[in-house]
Amino acid sequence: MIRLIKGFHDILPEDTPKWDFLVRTAKATLEAFGYREIVPPIMERTELFARGIGELTDIVEKEMYTFEDKGGETLSLRPEATAGILRAVVEHALLRQDPILKLYAIGPMFRRERPSKGRFRQFFQVDAEVLGDDSPQTDAETILAAYCIMENIGAQGLMMEINSVGCPVCRATYREVLRNYLEPHLSVLCDDCRRRYERNPLRVLDCKVDRCVEIAAKAPLISNRLDESCREHFDAVKRSLELVGVPFREEPRMVRGLDYYTRTAFEIVHEELGRSKAVGGGGRYDNLIKELGGPEVSGIGFAIGLERLSMGIPDDDPRFARSIDVYVAPVGDNALNACFTVVNALRRAGLSCEARYTAKSLKSHMRAADRCGAQRVIMIGEDELARNEATVRDMTTKEQTPVKMDELVNFLLGEKR
RNA sequence: GAGGGCGUAGCUCAGUUGGCAGAGCACAGGGUUGUGGCCCCUGUGGCCGUGGGUUCGAGUCCCACCGCUCUCCCCA
């Protein structure tokens, strides 16, 4: 037996109704916000991710599926969606047609990490981006869109956490302030944080090691070091969120894993799973589009992990139950052809329809009908054939009605309405 | 990368001091000559992860390997 790749997973037929519900709800919500779908490929040149996400990030350094193809180019499976979307936007000059773009994409991402609960090597994300608008209301609206997806799906116990990581200017000054604070504690920090001190001291604030948390707790906060425009922007974002009633919590130590974020950063956190298992996250990026060869415009976006979102909602919701309009049961070999034509006619009339072309016992048929969630069963046996009829059973009320073959489609369509 | 747990029927798992391979669910048939869910009966279904070792005898003890899973780091 050949088994699936570690960290990958099959979505089985019993799970697809729920999965489909998540995807459809996310799409409908985003389209209600005016986003349009874009479908970039799942592979890009490695350089795109290195430039976009940052050479020094864990993702690019050690988690990408990278290989050389037969033509000698170095390609990577996408570890996140934003870089590919922006590449497409720049390549097709979409911002020239429309100075403000709102785009979303849904599909699998790939990161070669150690799998664990809620963490996969292939995982699906819903990803949304707004380009060309850096108003605080747009930040708030983006966070609202993420929140509405959750709300429409019915996820419980979720909280929006927000922070501002400043612009490159105020972040540079803050970085030095933070370094100065951390320096005397260097010997106490964990190995990782000592490395972070050199390369990206902001990440120390996000460390989960006890003694680092202690030190980080007393560290100066970037919220006190934002320059005037960043501060005003962040305050305006918070006011806008309050206007529309999005529940949020300021999290001054939140830092995101991707290098490109500026100003607003946010995460959607499950109260029970904690911050290490964010359901979604995102933020503003002021320089990324230019970095990828596009115009100097700002963007903001977020990603929601579908597997993690799925974990938060029950599997046994009646909406996810298997269901079909009609099951057609032949009783006796003579009924097989009659059933075959009936099924065909019903499907052409738009009814979902299941049949078994084996003249098993009626009891077996009924069990099969029940299993596939049939609303009605059409029984055709010797008695019915003799009268050119079929017997229609309503599986909920158990009511049975003899119906002439010619009238079957109309009868079922009429009953359905 | 570091550290735990677990591999027995399609699924979830029992399996005693080492002594005939088990249950529930699912599936098939029947109880009801043509009527589902609940109930009852019967049946199908196993390289006990793989390889070696100890033993008269190993699902059980020992060793190695493989696989899965969870935690940490990081993230969706």
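Scope of the values below: all heavy atoms of this structure, side chains included, with no hydrogens, waters or symmetry mates. Note that this is a predicted model, so its numbers are computed, not measured.
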Problem - Pair assignment for B:rA14, Watson-Crick or G-U wobble, requiring both distances under 3.5 Å - result: none
Practice task
Determine the contact category for A:Met109: base if any of its heavy atoms lies under 4.0 Å from a base atom, sugar-phosphate if only primed atoms, P, OP1 or OP2 are that close, otherwise nothing.
Solution key: nothing
Problem - Euclidean distance for P, B:rC62 against B:rC25 (whole angstrom) - result: 34 Å
Practice task
Write down the distance separating the C1' atoms in B:rC61 and B:rG67, rounded off to the nearest Å.
Solution key: 22 Å
Exercise for the section: Choose from B:rC74, B:rG36, B:rG34 the nucleotide whose nearest atom is closest to any side-chain atom of A:Leu362. Expected result: B:rG34
Completion exercise
So CD of A:Glu80 and CE of A:Met64: to nearest 0.5 Å the spacing works out to 10.0 Å
Practice task
Would you please say whether a donor-acceptor pair under 3.5 Å links the side chains of A:Gln400 and A:Thr391?
Solution key: no
Exercise for the section: Any chance you could measure A:Leu144, atom CG, to A:Phe33, atom CZ, to the nearest 0.5 Å? Expected result: 4.0 Å
Exercise for the section: Measure from the side chain of A:Met366, starting at C-beta and using heavy atoms only, and say which of B:rA76, B:rG36, B:rA28 lies closest. Expected result: B:rG36
Practice task
Name the nucleic acid region contacted by A:Gln400, choosing base, sugar-phosphate or nothing; use a 4.0 angstrom heavy-atom cut-off, strictly under.
Solution key: base
Exercise for the section: Rounded to the nearest 0.5 Å, what's the gap from CD1 on A:Ile313 to CZ on A:Arg319? Could you check? Expected result: 7.5 Å
Handout entry: Spacing of the P atoms in B:rU8 and B:rU69 (rounded, Å)
Key = 14 Å
Exercise for the section: Please evaluate the base of B:rG37 for a donor-acceptor partner in the side chain of A:Arg367 within a cut-off of under 3.5 Å? Expected result: no
Exercise for the section: On RNA chain B, check which nucleotide each of A:Leu306 and A:Lys360 is closest to and give me the residue with the more 5' one. Expected result: A:Lys360
Exercise for the section: For B:rC38, give its Watson-Crick or G-U wobble partner with both distances under 3.5 Å, or none. Expected result: none
Exercise for the section: Let me know the distance between CD of A:Glu113 and P of B:rC70, rounded to the nearest Å. Expected result: 14 Å
Practice task
Please check the phosphate of B:rC70 (OP1 and OP2 only) for any side-chain N or O of A:Ser116 closer than 4.0 Å.
Solution key: no
Problem - Nucleotide nearest A:Lys6 (side chain, heavy atoms from C-beta), chosen from B:rG30, B:rG34, B:rC68 - result: B:rC68
Practice task
Using a strict cut-off of less than 4.0 Å between a Lys/Arg side-chain nitrogen and an Asp/Glu carboxylate oxygen, indicate whether A:Asp317 and A:Lys18 qualify as a salt bridge.
Solution key: no
Problem - Test side chain to side chain contact (heavy atoms under 4.5 Å, CB included) applied to A:Ser352 and A:Val326, A:Ile324, A:Leu346, the passing residue - result: A:Ile324
Fill in the blank from the handout: Rounded to the nearest 0.5 Å, the CD1 atom of A:Ile38 sits from the CG atom of A:Leu86 at a distance of 9.0 Å
Problem - Nearest-angstrom distance, C1' atom, B:rU44 to B:rU35 - result: 25 Å
Exercise for the section: For nucleotides B:rU60 and B:rA14, find the distance between their C1' atoms and express it as a whole number of Å. Expected result: 13 Å
Practice task
Considering just the side-chain nitrogens and oxygens of A:Arg114, establish if one lies under 4.0 Å of OP1 or OP2 belonging to B:rC68.
Solution key: no
Exercise for the section: Give none if B:rC66 has no partner; otherwise give the nucleotide forming a Watson-Crick or G-U wobble pair with it, both distances under 3.5 Å. Expected result: B:rG7
Problem - Residues within residues 33-40 of chain A bordering RNA chain B, heavy-atom distance below 4.0 Å - result: none
Exercise for the section: Remember a base hit wins even if backbone is also touched, and classify A:Gly332 as base, sugar-phosphate or nothing at under 4.0 Å, heavy atoms. Expected result: nothing
Exercise for the section: Mind checking A:Phe120 for me? I need base, sugar-phosphate or nothing, with any heavy atom below 4.0 Å counting as a touch. Expected result: base
Practice task
May I ask you to verify whether the side chain of A:Gln122 and the base of B:rA76 hold a donor-acceptor pair under 3.5 Å?
Solution key: no
Practice task
Take the protein atom CG of A:Asp394 and the nucleotide atom P of B:rG36, then report the distance between them rounded to whole Å.
Solution key: 15 Å
Fill in the blank from the handout: With the side chain defined as heavy atoms from C-beta on, A:Phe123 is closest, among B:rG36, B:rG34, B:rA76, to B:rA76
Exercise for the section: Take the protein atom CD1 of A:Ile380 and the nucleotide atom C1' of B:rG34, then report the distance between them rounded to whole Å. Expected result: 14 Å
Handout entry: Under-4.0 Å salt bridge between A:Asp406 and A:Lys404
Key = no
Practice task
Provide the distance between the two P atoms, one in B:rG10 and one in B:rA2, to the nearest whole Å.
Solution key: 35 Å
Exercise for the section: Select base, sugar-phosphate, or nothing to describe what A:Glu307 touches, counting heavy atoms under 4.0 Å on all strands. Expected result: nothing
Exercise for the section: Find the distance A:His9:NE2 to B:rU69:P and express it as a whole number of Å. Expected result: 11 Å
Exercise for the section: Give a yes or no on whether a donor-acceptor pair under 3.5 Å exists between the nucleobase atoms of B:rG37, that is its base, and the side chain of A:Lys398. Expected result: yes
Fill in the blank from the handout: Answer for the Watson-Crick or wobble partner of B:rU33, both distances under 3.5 Å, is none
Practice task
Using a 4.0 Å heavy-atom cut-off across all strands, classify A:Arg371 as base, sugar-phosphate, or nothing.
Solution key: sugar-phosphate
Exercise for the section: Return the 5'-most residue of the pair A:Met395, A:Pro115 with respect to RNA chain B, ranking by each residue's nearest nucleotide. Expected result: A:Met395
Practice task
Could you check how far CZ of A:Phe8 sits from P of B:rU69, rounded to whole Å?
Solution key: 13 Å
Problem - Donor-acceptor pair present, A:Glu384 side chain and B:rG34 base, under 3.5 Å - result: yes
Handout entry: Minimum-distance nucleotide (side-chain atoms of A:Lys363 versus B:rC27, B:rA76, B:rG36)
Key = B:rG36
Handout entry: C1'-based separation of B:rG15 from B:rA9 [nearest Å]
Key = 14 Å
Exercise for the section: Side chain of A:Thr391 only, please: which of B:rG36, B:rG34, B:rG29 is the nearest? Expected result: B:rG34
Handout entry: Presence of salt bridge, A:Arg284 and A:Asp139, under 4.0 angstrom
Key = yes
Problem - For atom NZ of A:Lys62 and atom C1' of B:rA2, their distance in whole Å - result: 12 Å
Handout entry: Nucleotide opposite B:rC74 in a Watson-Crick or G-U pair, distances under 3.5 Å
Key = none
Practice task
Establish, with yes or no, whether the OP1 or OP2 oxygen of B:rG29 is under 4.0 angstrom from a side-chain nitrogen or oxygen of A:Ser364.
Solution key: yes
Exercise for the section: Tell me what A:Arg3 touches on the nucleic acid: a base, only sugar-phosphate, or nothing, going by heavy atoms under 4.0 Å. Expected result: sugar-phosphate
Handout entry: Whether A:Phe120 and A:His9 hold their rings parallel, tilted or perpendicular, with breakpoints at 30° and 60°
Key = tilted
Practice task
Nearest whole angstrom, please: distance from the P of B:rA28 to the CZ of A:Arg356.
Solution key: 9 Å
Handout entry: Distance between P atoms of B:rG51 and B:rU71 (Å, rounded)
Key = 32 Å
Handout entry: Nucleotide of B:rG30, B:rG34, B:rC70 approaching A:Asp383 most closely (side-chain heavy atoms)
Key = B:rG34
Practice task
Would you please classify the geometry between the A:Phe21 ring and the A:Phe320 ring as parallel, tilted or perpendicular, with 30° and 60° separating the classes?
Solution key: tilted
Practice task
Would you indicate, yes or no, if B:rG30 has its OP1 or OP2 atom less than 4.0 angstrom from a side-chain nitrogen or oxygen of A:Ser361?
Solution key: yes
Fill in the blank from the handout: Pairing partner of B:rG19, by Watson-Crick or G-U wobble and under 3.5 Å for both distances, is B:rC56
Problem - Face-on cation placement of A:Arg263 at A:Phe234 ring, 6.0 Å and 45° thresholds - result: no
Completion exercise
From CD1 of A:Ile5 across to P of B:rC66 the rounded distance in Å is 19 Å
